[in-house]
Amino acid sequence: MIEKKQVVQKEEKAVIVGVITKDQTERQANEFLDELVFLAETAGAATVKRFTQRLAHPDRATFVGKGKLEEIHQFIAGRDISLVIFDDELTGSQIANIEKVLKVKTIDRSDLILDIFARRARTAQAKVQVELAQYQYILPRLRGMWSHLERQGGGIGSRGPGETEIETDRRIVKDKIALLRKRLEEIDKQSLTQRKERGEFVRVALVGYTNVGKSTIMNLLSKSEVFAENKLFATLDTTTRKVVFEQTPFLLSDTVGFIRKLPHHLVESFKSTLDEVRESDILIHVVDISHPQYEEQIEVVNRTLQELKTFEKPTILIFNKMDLYEANTFDQWLEPEVKADILRDLKQQWETKTQGNCVFISALEKRNIEELRKTILDKVSKLYKERFPYKSEFFY
């Protein structure tokens, strides 16, 4: 049986590589690499250097040009660097060709994300989803990656007549994928039964880009202890809690964060995790307003919600980390009146865009949490009254 191994070892030193194509600017490419550095840090690797190259299109054999590959090789030689991470997906043959030159382990963004997901999966559902995504990642890369894979078992009678080792491995992976899909269907049925048992409660789901503070907000609103950490994908498993505001109950779910360049097969594998989003009545879209590209992150989340056909649900936009935004935006010599004007303009801009469905908070400093509670309560209460105009048990 083929097993997918952990690709990043603790405290490994790495270099990262990106290509600037005609479809993106240098600024965008550097933003992707900044995110890749954070991903590497989350996985336990320290980035020593980054390399970029302008190309009309990636090289078919080695992704970057031979000159750039040799430059990377010269930098690695004699240094304690054991990992090279590319920002875009590599084919199995590209990985093999690159490793032949660099003599160190080479992975891409998808493999790195899968590695992080594998470390953070806790529930049976998440573990099966990650394993399924890993095998889906391996399948098209088998020929180039065969030397990476550890074979267990085998021997006389384990291979069909005239069947090569690579064909055997491909069959094993396909069988494993089929088995995992069947197992996931069984878990999904159990999850669906659990969701049905929740009755007529209004469901609210926290969504947003990864590392925007959803879990911290979940803890504040539900007074529970959901794992929160300043790393990407700190939350992988959906967590649901019953919350009561002024005797009005509802169910609040914290979901996995989205990210740019998220591998398609990973999104597909995790569709069942995102059922909480699809089946929710209200979305709370959390945004890290202190991030320089927070508007682009909003777009990434909105595109994912459109894919899930949930974009039209009632949504509250929560701008979190206002404390960091102010620290990054204002210097100590700025007049208080000027600060107030800038903040007022910012809020008016987004209130106009969202038709008033936005709140500015700092979850860390617990700033403006009461306004957030009131905004959620108004939405939840309105929905209960629309659904159950003749019922009063939700408002006792």
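Quick note: numbers below take in every heavy atom, side chains included, and nothing from hydrogens, waters or symmetry partners.
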| task | Taking atom CZ of R27 as the centre, report whether more than 12 heavy atoms of other residues, nucleotides or ligands fall under 6.0 Å from it. | result | yes
| query | Passes side-chain contact (heavy atoms from CB on, under 4.5 Å), M218 versus L206? Steps please. | reply | CA-CA 8 Å; M218 176 81 168; L206 289 160; 3.8 Å; yes
| query | Any side-chain donor-acceptor pair under 3.5 Å between N328 and S290? | reply | no
| task | Determine, stepwise, if the pair I376 / R373 fulfils side-chain contact (heavy atoms from CB on, under 4.5 Å). | result | CA-CA 5 Å; I376 296 170; R373 288 174 187 268; 6.0 Å; no
| I282/V202 under side-chain contact (heavy atoms from CB on, under 4.5 Å): CA gap, chis, key distance, verdict | CA-CA 8 Å; I282 299 166; V202 165; 4.1 Å; yes
| So do the side chains of T248 and L377 get within less than 4.5 Å of each other, counting heavy atoms only? | yes
| said: As a quick check of understanding, evaluate salt bridge (charged side-chain N to carboxylate O under 4.0 Å, His left out) for R303 and E296, giving each step before the final call. | reply: CA-CA 11 Å; R303 281 198 299 272; E296 288 182 30; over 6 Å; no
| said: Strictly below 4.0 Å, N to O, side chains only: are E371 and K374 in salt-bridge contact? | reply: no
| message | Heavy-atom count check: over 12 atoms from other residues, nucleotides or ligands less than 6.0 Å from K339 NZ? | response | yes
| message | My understanding is that only residues two or more places apart in sequence, or in another chain, count here; which of them pass side-chain hydrogen bond (donor to acceptor under 3.5 Å, both in side chains) with Q293? | response | E31
| How long is the span from the CD1 atom in I284 to the OG atom in S253, to the nearest 0.5 Å? | 10.5 Å
| With sequence neighbours excluded, what pairs up with E326 under the side-chain hydrogen bond (donor to acceptor under 3.5 Å, both in side chains) test? | R367
| query | How about E99 and L102: do any of their side-chain heavy atoms sit closer than 4.5 Å? | reply | no
| said: Taking the basic N atoms (NZ, or NE/NH1/NH2) and the acidic carboxylate oxygens, is any pair closer than 4.0 Å for D111 and K105? | reply: no
| If you group Ile, Leu, Val, Met, Phe, Trp and Tyr whenever their side-chain heavy atoms sit less than 4.5 Å apart, what else falls in with F360? | V287, I289, Y294, I298, L317, F319, M322, Y325, F330, L334, V338, I342, L343, L346, W350
| task | Go through the side-chain N and O atoms of K379 and N357 and say whether any donor and acceptor fall under 3.5 Å apart. | result | yes
| said: So that I can tick it off, tell me whether E279 and R203 are bridged by a salt bridge, with the cut-off set at under 4.0 angstrom between side-chain N and carboxylate O. | reply: yes
| Is the cationic atom of K49 (NZ for Lys, CZ for Arg) positioned less than 6.0 Å from the six-membered ring centroid of F75 and within 45 degrees of its normal? | yes
| Would you say the side chains of D281 and Y384 form a donor-acceptor pair under 3.5 Å? | no
| task | State the CD-CZ distance between E89 and F63, to the nearest 0.5 angstrom. | result | 10.0 Å
| request: Measure the shortest side-chain to side-chain distance between L364 and K321 over non-hydrogen atoms and say whether it is less than 4.5 angstrom. | output: no
| field | Ion pair check, K68 and E71, cut-off under 4.0 Å | value | yes
| query | Is it the case that more than 12 heavy atoms not belonging to E386 sit under 6.0 Å from its CD atom? | reply | yes
| How about F51 and V15: do any of their side-chain heavy atoms sit closer than 4.5 Å? | yes
| message | Determine whether L33 and D87 satisfy the following criterion, side-chain contact (heavy atoms from CB on, under 4.5 Å), listing intermediate values before the conclusion. | response | CA-CA 7 Å; L33 290 182; D87 192 42; 3.9 Å; yes
| In Å and rounded to the nearest 0.5 Å, what is the OG1 to CZ distance from T304 to F258? | 5.0 Å
| said: Nearest 0.5 Å, please: how far is CZ in R141 from CD1 in I95? | reply: 6.0 Å
| field | Lys/Arg N to Asp/Glu carboxylate O, D378 vs K382, below 4.0 Å | value | no
| How long is the gap from OG1 on T216 to CG on N320, to the nearest 0.5 Å? | 7.5 Å
| query | So, K176 and E131, do they make that salt bridge, N to O below 4.0 Å? | reply | yes
| message | Could you check whether any side-chain heavy atom of T21 comes within less than 4.5 Å of a side-chain heavy atom of H57, counting everything from C-beta outward? | response | no
| task | For a side-chain contact (heavy atoms from CB on, under 4.5 Å) with F86, tell me which candidate from I16, L112, I98, I107 qualifies. | result | I98
| task | Would you indicate whether K353, at its atom NZ, is surrounded by more than 12 heavy atoms from other residues, nucleotides or ligands within a distance under 6.0 Å? | result | yes
| task | Keeping the roles fixed (side chain from D323, backbone from S362), state whether a donor-acceptor pair exists under 3.5 Å. | result | no
| query | Should K182 and L179 count as side-chain neighbours, where that means a heavy-atom distance under 4.5 Å? | reply | no
| Check: V104 and I81 side chains under 4.5 Å, non-hydrogen atoms | no
| query | What's the spacing between I318 CD1 and L372 CG if we round to 0.5 Å? | reply | 4.5 Å
| Is the number of heavy atoms from other residues, nucleotides or ligands under 6.0 Å of K313 NZ greater than 12? | yes
